[in-house]
Each structure stands twice: as C-alpha cells, then as structure tokens.
Amino acid sequence: MRALEISSRSDSAHEAAGRAGCPQPAANSEGTDASTPTPRRGEDTAPYPAPGFLASTLVRKSRRTAAFDDANQSWTRPVIAWCCLALLMVPMLAIGAVPVSAATMARREEVRFRNGDTLYGRLQTFDPGEGLRWRNPDAAEPIQFKVENVLEVGLADPETVPAVGPNACFVRLTNRDELIGDLVTFDAQSLTIETWHAGRLIIPRKMVEFIQPKGSPGTPIFEGPTGLDGWTIGKVVSTAVGDPGEWKFREGAFYATKAASIARDVKLPDMSVLEFDLAWRGSFHLAIALYTDHFQPVNLASKETGPDFGGFYSLQLNNYYVNVLAVTKADPIRYLGQVPLAPTFSQKNSSHVEIRCYKAKNLMALVLDGVLVKAWIDPSGFTGMGTGIRIVHQGQGSSRISGLRVTEWDGQFEEKPSNTPDSTTDLVRLRNGDKLQGNIETVRDGKLFFASATGTVEVPLARVKQMEMAGKRLEKPAASLKLTRASLARGGVVSVVLEKADDEGWTVTSPVFGKALFRRLAVSRLQFASPASSE
C-alpha cells in the first residue's frame, strides 16, 4: 500500500510502538492513488493488525468477562453474543469498512475494569454505596458495578462549550489539579474563578501555585464550521485507506468515518493560531495542510507529476505521535521532526488542538489541551505559499471537528513555573519579558495590583503572562483514599470525592474548593484510585 501524505517513522519508532502495545497506523494518505508502487525508505506502510490477532483478543476478553460476571447471569449471555458478533465483523474492521454514525460516536461511553475488561454503553447514575449503574444496548436491564472493580470511565464529550471570558486563566493548584475559568478576584485569602463546568469556585490562596492568564482572544478571522458552504470536498481514493468517504456536517461539527478531505481558504495571517476541538473513537490519524493554496488532496507519492500546487506544511497527528512535513511540488519532502505524545493522550477521546505559526521566524508549534508539545523551526525558510487549510481524515476510526477558529497570534509561549519551593516572594512575568518580584496584593476588574520594593504597581491583566506564588506560603490539601481523578472536557483535571451522579450532573467534594455540582458533560474521564492506595 502506498503512503499518500507520508509521515516518516524509523524502525526503532516502530519497535518502540510495538513494545508499548500501540497499534501501527495504516499508511498515511493525502490524495488519490489506485496503484501500489514499491515503498521507498521512510514511508510508513504498516498494515492493520492481523484478523487472527483481533479475534484471539476478543475471545480472551469474552472468557474474562464470563468469569467476571458469574453472579450476573441476566446479562452474561448478551455480552457473549456481542463478542461473537464482533468476531464476525473482524474482517470488515481490518479494512476499515464498518461505518460509525456521528450520533454513536458522540454518545458512546466506556467503563474499564481492573481485570482489563472494557464494556461500552452509557453511565446512568453513580452512588458511592451502590456503585455505577450502566446501560449497555445488549443488556435488557441496567447493570450495577461495584466501584472497587472499576479502574476508569470514559464519558461522552459535549458538542459545544461556552466561550471563555475576557479574564480567562489557567490555574494550577498545589495538589496538581488544573482549572480553566474567568478570574473574578484574587487576594490575600482566596482565588475566585467562574467556570463553565461548575459555576463559581472559591480556592484558598495557599493552595494556588500558578495562574496563567489566557489573554483576550484575538478578533476571529474565521469561525466555524457552520455548514459545508465555502468548503472544498476532496475525494481520497487509495488502497491504503480503504473506501473513500466525505466529511459530513451536523450540529456545528464536521464528522468523518472514512477517508475524507475538506479544505478552505481561511485567510491564515502571518502570525496565526488555528484551533479546534477534536473528538474521536478508536484510532485516528489526521493530516492537516497549513498555508496551502491547493484545496484538493495531494498525492505525495506522485506529487511531481500531479496537479500544480504551492508549498505547504503537513502536520500529521494520531493517538501516539505528531509529525511535520514541508511539501513543495518539485523538491523532496522534508521531515521537520516526529515527536511522541504523552502516554496519557492515547487514553483520551478528545482534545483541544492549537497550531501556532510565525512566518517571519519559520516557526510552527502544536499545543494540545494547553500544553506545548513541540515547536518546529524550518531551517530552509517558510514553505507555505497560501492562506488555506486542508484536513484529511486517513480512514482510521471516527473523528469530529468543532469550534474551529483562526485568529492572529501574539507570538507568546507559556513558560514553566520557575519559583522554587523555598521562595518567599511572588513572581510575575509580563508579556514584554519584564519580571516583577514581590507580593501579589489583589487581582480584580481585569487589573493586577503588585507590591514591590518601589511601591504598588498596577498592571492590566492583559499584559500579564503568568503569576507564580511564593513557595514558602503554599500548602497541599490532606491526602485521601477516596479521591477520584476527574478529567474535564476542554482541559483541566480535579481530584474529588464523588458523592452522586445523575442527569443533573456530578455532585463532588474537593479538599480544595469544597462541594460543587459539575455539569454532566463537563467530566470526560474518571480515574478511580486503587482501594489500597492514597492520593
């Protein structure tokens, strides 16, 4: 099979992925190629896992499930029937021929047990005494699971979330919790933030380690999607990616379940941020062309003899790594570097993606869920010749793209905190590179009031890059055996005691901000602590 939009992957990278149990991605594609030429060095043509391997895995899982559920005979047979049906579908899965509807992708949830089993369906309710009440389409009645048998739960992702406010900040707490919200006030006693997922939260100052203002979002150059009008639908035909399909639009999002391409001139500025919310089921692989002037898929394997196009960058992203290619018509493809993603990324089913570009510095950077993954510098100068984007779904899994936005970038990167644990003063970094050392008195009405050796300084919050608290004044909350790690949709994580969950939301108690009610769709994943371990 021929790679079309190719990402370089060394033999050592393949071996490392195999040792980690990562599925090898199918050949990457960005165009049409019905032939199957001999692969060249550097092209990744790893096939899907063999059907026999998938079948044996399902058989082992069905045996474990049967043993695990001896006490629940009312639903064991439907689960076994589901496994048998899955075995019959393995050949189709191996060639990517089983479509997944947008509704199924958006609503499916999963529960993973400590013995390694996984069951799909939907969480109905949670009670610490009664456990998880789970609805599975193959079971006649809801299933009740004990909490101590559950490792984690993956939950449905919201279609949309409210826009951030003018004083939006990223906040890291002393217990490693992270929150994103609109900063209301910050003084000697506490931090008050307004969040979309739980309303107003009040956090003791001594447990606030770091505050990073997000900055006022720039005036949007493009926002969408609002439909297919104005987008160019390209057809991807290749034996490498299975049957071609198209991106579909529904309720403010693009969906793809087969190989598909969609492109548009979004007028990328010279300093740009392209951001969107990405959700997926199974393995995914996207090729995102940046600064392109060509809106049909490009066959990289035969680009020299294909239609003319200007230079562009191809950022290739999947569950395990990201790769950037510089592509021109006549020159060999240049690989700017492949970077493995954090192991926890492969356990997610959604992420907020930001791609930042700075033409004058030949720079491109990827930020996932607010964390910088990598900044690439093109030593040959900036390759992109257009102002458009092209998004190619490689035919693996199912993907949803929403909240797509293009704005100008100020060229700023977030920095890791540098204040030491024994520091006695607060540190404020400004966007122009200046630093203030002293004491943060208060933040209110979009202004920071800072006491330094020369007196109190008033600084607009928009000029503040980050605020780091004096290490000597910080405290961690008491450890607890009952804490559950809850990942929040669109970024953030909290350690809480789960009190109850139903259609109204999650009633939780935090050792930092106390009792709160989180929206039902605000929580994207729950990780339950081992019964024998503490936080």
Side-chain angles (χ1 to χ4, degrees), residues 7-10 12-26 28 44 46 49 105-106 108-112 118 151-158 161 170 172 176-180 256 274-288 314-324 336-356 364-376 391 393-394 396-403 413-414 416 485-495 522-528:
S7 64
S8 171
R9 200 170 186 198
S10 65
S12 61
H14 279 290
E15 292 169 2
R19 288 193 299 270
C22 304
Q24 300 297 318
N28 307 325
D44 186 342
M105 188 186 76
R108 192 175 72 162
E109 300 180 340
E110 64 181 24
V111 56
R112 293 178 57 200
T118 299
L151 178 65
E152 63 180 349
V153 178
L155 301 164
D157 199 52
V161 299
F170 170 85
R172 181 178 294 131
R176 297 180 296 120
D177 282 4
E178 296 175 351
L179 292 163
I180 296 175
L274 168 66
E275 60 183 314
F276 55 88
D277 293 313
L278 173 65
W280 63 89
R281 292 298 183 209
S283 297
F284 79 93
H285 195 124
L286 294 179
I288 305 166
S314 177
L315 186 147
Q316 305 203 343
L317 177 67
N318 64 27
N319 303 71
Y320 303 102
Y321 68 90
V322 59
N323 197 15
V324 173
L336 301 187
Q338 177 177 298
V339 180
L341 301 179
T344 53
F345 188 79
S346 64
Q347 301 171 14
K348 296 182 176 183
N349 57 18
S350 66
S351 180
H352 185 74
V353 179
E354 287 185 47
I355 304 172
R356 306 178 187 180
M364 179 184 303
L366 175 67
V367 178
L368 296 177
D369 295 320
V371 178
L372 177 66
V373 175
K374 172 72 174 177
W376 294 266
I391 304 173
H393 180 260
Q394 304 282 3
Q396 299 181 49
S398 302
S399 297
R400 183 184 86 225
I401 289 177
S402 60
F413 281 112
E414 296 78 5
K416 292 183 179 179
R485 199 83 169 150
S487 298
L488 305 176
R490 306 303 187 265
V493 60
V494 291
S495 302
V523 178
S524 63
R525 184 164 293 271
L526 296 168
Q527 294 175 296
F528 293 90

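Between Asn323 and Gly337 the shortest heavy-atom distance is OD1-O, 3.1 Å. Nearest heavy atoms, Arg485 versus Ser495: NH1-OG, 2.5 Å. Of all heavy-atom pairs between Asn349 and Arg281, the closest is ND2-NH1, 2.7 Å. The two residues Leu341 and Val322 have their closest heavy-atom pair at CD2-CG1, 4.1 Å. Nearest heavy-atom pair, Phe413 versus Ala375, reported as atom, atom and distance to 0.1 Å: CZ-CB, 4.3 Å.
Applying the side-chain contact (heavy atoms from CB on, under 4.5 Å) test between Val324 and each of Leu366, Leu336, Ile288 identifies Leu336 as the sole match.
Atom CD in Glu354 sits 9.5 Å away from atom CG in Leu274 (nearest 0.5 Å). Note that the CZ atom of Arg400 and the CG atom of Leu278 stand 9.0 Å from one another [nearest 0.5 Å]. Separating the CD atom in Glu178 from the CZ atom in Arg172 is a distance of 5.0 Å, to the nearest 0.5 Å. One distance of note links OG of Ser524 with CG of Leu488; it measures 7.0 Å at 0.5 Å rounding.
Between Arg525 and Glu152, the closest side-chain pair of non-hydrogen atoms falls below 4.5 Å. Gln394 has its side chain out of reach of Phe284: every pair of non-hydrogen atoms, C-beta onward, lies at least 4.5 Å apart. At least one side-chain heavy atom of Leu368 sits under 4.5 Å from a side-chain heavy atom of Val353. Within the 4.5 Å cutoff, the side chain of Met364 has heavy atoms near those of the Ile355 side chain. For the pair His285 and Leu317, the minimum side-chain heavy-atom distance is 4.5 Å or more.
For the residue pair Ser346 and Asn319, no side-chain donor N or O sits within less than 3.5 Å of a side-chain acceptor on the partner. There is a side-chain donor-acceptor pair under 3.5 Å between His352 and Asp277.
Here the side chain of Trp280 pairs a donor or acceptor atom with the backbone of Lys348 at under 3.5 angstrom.
In summary, Glu110 and Arg112 do not engage in a salt bridge, as defined by a charged side-chain N under 4.0 Å from a carboxylate O.
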